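Down below is the structure, laid out as structure tokens.
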There are 2 protein chains.
Amino acid sequence: MADDVHPAIAARLDDDGQRYTSGRRKLVEVLVGAGRPLTAAEVLVEGDLAQSSAYRNLAVLEACGVVHRVAGSDEFARFELAEDLTDHHHHHLICTSCGAVADFTAPERLEASVDALARQVAATAGFAADHHRLDLFGRCAACHAADHTADHDT
Amino acid sequence: MADDVHPAIAARLDDDGQRYTSGRRKLVEVLVGAGRPLTAAEVLVEGDLAQSSAYRNLAVLEACGVVHRVAGSDEFARFELAEDLTDHHHHHLICTSCGAVADFTAPERLEASVDALARQVAATAGFAADHHRLDLFGRCAACHAADHTADHDT
DNA sequence: ATTTATGCAAATCGTTTGCAAACCT
DNA sequence: AGGTTTGCAAACGATTTGCATAAAT
């Protein structure tokens, strides 16, 4: 279902005078396969290309609007396909324990409220908002389970 | 008005077996004075203490819940006083051009919606959310003005 | 043939850490 | 004194970059 992102990506790269090389395609496929934001290290392992190429190509893909950089709670940058290439706008669940980042979709009603807020801020603060970030921080299911296991010692 | 944060901070540090040294007080005062998240570099300049002390004390203050780390769109970590020491919960306007981060407050109604969302996610995804981040990205007033100036050449 | 992408290894830069002197209690 | 904090300089680690080779047009 999400395999025909490639033509769109090729076009987007071409618009920017960039080639859709095999290395870049590999990066994209890793990201498509993951379905969640990946760290550079994760991309490196799964994509098996040189570290420098991974970083360089992620930068190119980001500049062309193919890939989006996600800031989590740890020191690692994470990357995912741009929202307009996949299904839709989404947000992140960020685990403050293990750093994992997962996607989730917010109700349309909430998105509408945030958009209204953006317009209001633009008007009052002279800030031209063009997108937003709405993330939840907490403990993922896995870390939550680990907590309970650890509690047995208490 | 916001100068009596010190007793609360001292107490919070004390609870953690930490001292409220002059260096730490200086950091806090710089952050109070700024009224917006500051990078480590900004704190260093205004607080004039050793780089290592600044980072170390920011880490201590963060661990004690006095200072909160804010991720912007650039590579610099930013720090601000914890929300429960200042007035209230707020969000950030992040300039994608110069990286500046400013505070703003969202309508109560929106916060309520986000909280409801958090509860819903907790229930469906097994994710225990404890706080959220709602930030707007765009161009700040200054960068916006600079754009217009540059447009004169067009 | 010429331009662009790749891989390796070295450099970069924000941040962290080891250690000895200064500080507080 | 006993433990903590400080400042300096060196270390660290994720990311970036220089340069020579390989690939694409």
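Numbered from 1 within each chain, the chains take letters A, B, ... in sequence-line order. As the structure is a computational prediction, the values presented were derived from the model and not from experiment.
Atom CG of residue B/Leu81 and atom CD of residue B/Glu29 lie 10.5 Å apart, to the nearest 0.5 angstrom. In this structure, A/Arg36 CZ and A/Leu93 CG are separated by 12.5 Å, a value rounded to the nearest 0.5 Å. A/Leu134 contributes atom CG, which lies 6.0 Å from atom CG of A/Leu110 (distance to the nearest 0.5 angstrom). Atom SG in A/Cys95 sits 6.0 Å away from atom CZ in A/Arg139 (nearest 0.5 Å). Distance check: A/Arg78 CZ to A/Arg69 CZ gives 13.0 Å after rounding to the nearest 0.5 Å. Taken to the nearest 0.5 Å, the CD atom of B/Gln120 stands 10.5 Å off from the CG atom of A/Leu136.
Whole-Å rounding puts the A/Gln51 CD to D/dG18 C1' distance at 15 Å. Atom CG of A/Leu49 and atom P of D/dA23 are 15 Å apart (whole Å). Straight-line distance from the CG atom of B/Leu38 to the C1' atom of C/dG14: 16 Å, rounded to whole Å. The CZ-P distance, from A/Arg78 to D/dA14, rounds to 12 Å in whole Å. Separating the CZ atom of A/Arg25 from the C1' atom of D/dA23 is a distance of 16 Å, rounded to the nearest angstrom. B/Asp74 places its CG atom 15 Å from the P atom of C/dC13, with the value rounded to the nearest Å. The distance between atom CZ of A/Phe76 and atom C1' of D/dC12, rounded to the nearest whole Å, is 13 Å. Between B/Asp48 atom CG and D/dT6 atom P there is a gap of 13 Å when expressed in whole angstrom units.
Residue contacts shown for B/Ala77 are limited to sugar-phosphate atoms, with no base heavy atom under 4.0 Å away. A/Ala41 comes within contact range of no nucleotide atom at all, as no heavy-atom separation falls under 4.0 Å.
With axes fitted over five pairs at each extremity, the angle between the ends of the helix from C/dA1-D/dT25 to C/dT25-D/dA1 is 30° (10° resolution).
Listed by residue number, the members of residues 54-72 of chain B with any heavy atom below 4.0 angstrom from DNA chain C are B/Tyr55, B/Arg56.
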I'd like a table of atom pairs between the protein and nucleotides 2-4 of chain C - only N or O on both sides, under 3.5 Å - with the distance next to each one.
{"unit_1": "C/dT4", "atom_1": "O4'", "unit_2": "A/Arg19", "atom_2": "NH1", "d": "3.4"}
{"unit_1": "C/dT4", "atom_1": "O4'", "unit_2": "A/Arg19", "atom_2": "NH2", "d": "3.2"}

- Message: With side-chain contact (heavy atoms from CB on, under 4.5 Å) as the criterion, how do B/Val67 and B/Glu80 come out once you've worked through the C-alpha distance, each side chain's angles and the decisive distance to 0.1 Å?
- Response: CA-CA 6 Å; B/Val67 155; B/Glu80 67 182 355; over 6 Å; no

- Kindly indicate, with the supporting measurements, whether the criterion side-chain hydrogen bond (donor to acceptor under 3.5 Å, both in side chains) is fulfilled by B/His88 and B/Glu111. CA-CA 12 Å; B/His88 46 298; B/Glu111 295 294 348; over 6 Å; no

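Checked against the 6.0 Å centroid criterion, the rings of A/His132 and A/His89 qualify as a close aromatic pair.
Of the side-chain N and O atoms in A/Thr21, none sit less than 4.0 angstrom from OP1 or OP2 of D/dA24. One finds a side-chain N or O of A/Ser53 lying less than 4.0 angstrom from the OP1 or OP2 phosphate oxygen of C/dG7.
The shortest distance between side-chain heavy atoms of B/Arg133 and B/His131 does not fall below 4.5 Å.
When each of B/Arg12, B/Arg25, B/His6 is paired with B/Tyr20, the side-chain hydrogen bond (donor to acceptor under 3.5 Å, both in side chains) condition holds for B/His6 and for no other.
Of all heavy-atom pairs spanning B/Leu49 and B/Leu44, the tightest one is O-CD2, 3.3 Å.
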